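Note: hydrogens, waters and symmetry copies are ignored here, and every other heavy atom, side chains too, is used. Everything quoted here is computed from the prediction, not taken from an experiment. When a ligand or atom number is given, it counts from 1 through the structure's own listing order.
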Amino acid sequence: MKKSRPQRIRKAVIPVAGRGTRFLPASKAIPKEMLTIVDRPTIQYIVEEAVESGIDQIIFISSEGKEAIENHFDYDYELDTVLEKKGREKLHDEVKRISSLIDIVSVRQKKPLGLGHAILSARNVVGDEPFLVLLGDDLVLSETPCCRQMLDLYNEVQEPIVAVQSVPEDQTSRYGIVEGEPSSARVYKVERLIEKPAPGTTDSNLAIIGRYILHPDIFAILAKTTPGQGGEIQLTDALLALTKKRAMYAFEFSGTRYDAGDKMGYLQAVVAYALHHPQLKDDFRRHIKEVAASL
Ligand code: G1P
């Protein structure tokens with residue numbers, strides 16, 4: 001029997017409450033999400049991915065000291081007037097575009113109790129509908145936005161989905177790892193999830209990358225999830241509990257993922273995004289070639 005029409009996913013939750021200790025000292029006084037990749041902060045790439053995927057509302061899960069993120073997407077009357085007066089048309093348009101990208105709501109995570117707890121903080125704003133989660137450290141460079149690819153799959157399966165990619169076996173302890181059975185091209189039916197397993201303790205090397213499609217039933221599970229790996233309430237543990245109740249899929253998206261919360265991953269992202277930048281790519285490619293030749 002054909003499944004009924006899926007509910008359209010309108011909301012995306014983006015946790016930005018983390019301290020960014022991996023990026024100290026750069027993240028001491030500015031949120032790590034505001035570090036620049038070429039000409040915009042990393043968080044703007046994440047928000048734009050959601051917008052390009054057809055999302056209507058962003059819910060930031062925020063904390064003290066992260067106001068710069070909200071300000072970035074806000075309308076700045078003074079800046080608007082100055083740029084207009086000075087005739088800086090292109091800049092003026094770009095600054096205005098950012099503030100009109102999408103409807104943004106911000107919720108405070110009251111205590112730093114982990115990713116699962118951060119998602120639970122969105123419960124009242126998400127309400128009773130399926131939603132997306134995007135983690136700010138994971139940038140995906142792809143032709144079709146990663147979330148759009150996931151939403152297309154969601155329209156078929158109508159069950160929760162986690163984005164995954166294969167990682168070297170000695171890196172499993174950095175990620176949530178998914179064990180499952182292939183169900184169609186690049187799609188796995190999830191059987192088990194383990195948060196940051198030590199290398200060699202799982203046969204799978206399919207790592208969760210920070211994109212999820214969840215149903216509101218995850219909230220009741222999160223409310224009961226006890227602290228796990230690192231003493232934090234883990235989304236991965238709640239997802240494992242969810243597999244006992246309903247089907248869940250892991251999806252190997254097409255695109256390249258960069259861990260912008262890691263120093264090396266951040267540098268790789270800067271290079272990759274510069275090589276794709278419409279105005280800078282030719283000059284930058286030439287520069288990179290010169291640098292490579294001089295090594
Ligand atoms: C979080 C999740 C983990 C996932 C990762 C992706 O970990 O807990 O399952 O694989 O994001 O970036 P974190 O990187 O916040 O420690």
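Side-chain N/O atoms of Gln109 and Ser121 include no donor and acceptor closer than 3.5 Å. Side-chain N/O atoms of Gln57 and Asp103 include a donor and acceptor closer than 3.5 Å.
Looking only at distances, a side-chain donor or acceptor of Lys66 sits under 3.5 Å from a matching main-chain atom of Gly18.
The aromatic rings of Phe60 and Phe73 sit tilted relative to each other, their planes meeting at an angle between 30° and 60°.
Close contacts between ligand 1 and Tyr175 involve ligand atoms 10 (O) [criterion: under 4.0 Å to a heavy atom]. Atoms of ligand 1 lying under 4.0 Å from at least one heavy atom of Asp138, given by number and element, are 6 (C), 12 (O). Taking every heavy atom of Gln234 and a limit of under 4.0 angstrom, the matching atoms of ligand 1 come to 8 (O). For ligand 1, the atoms closer than 4.0 angstrom to any heavy atom of Ile208 are 4 (C), 5 (C), 6 (C), 10 (O). Those atoms of ligand 1 that come under 4.0 Å of a heavy atom in Gly176, given as number and element, are 3 (C), 4 (C), 9 (O), 10 (O). Atom numbering of ligand 1 starts at 1 in the shown order; those under 4.0 Å from a heavy atom of Thr236 are 9 (O).
Distance screen at 4.0 Å: atom 10 (O) of ligand 1 has a protein heavy-atom neighbour inside the cut-off.
Salt-bridge check for Asp259 with Arg22: passed, with a basic side-chain N closer than 4.0 Å to an acidic carboxylate O. A salt bridge links Arg148 with Asp152: the distance from a Lys NZ or Arg NE/NH1/NH2 to an Asp or Glu carboxylate oxygen falls below 4.0 Å.
For the side chain to side chain contact (heavy atoms under 4.5 Å, CB included) test with Phe253, the passing option among Cys146, Ser142, Pro145 is Cys146; the others fail.
Residue Leu135 places a heavy atom less than 4.0 Å from ligand 1.
Of the candidates Arg22, Arg211, Lys196, Arg257, the one placing a heavy atom closest to atom 7 (O) of ligand 1 is Lys196.
Of all protein heavy atoms, the one lying nearest to atom 8 (O) of ligand 1 is Glu195 OE2, 2.7 Å.
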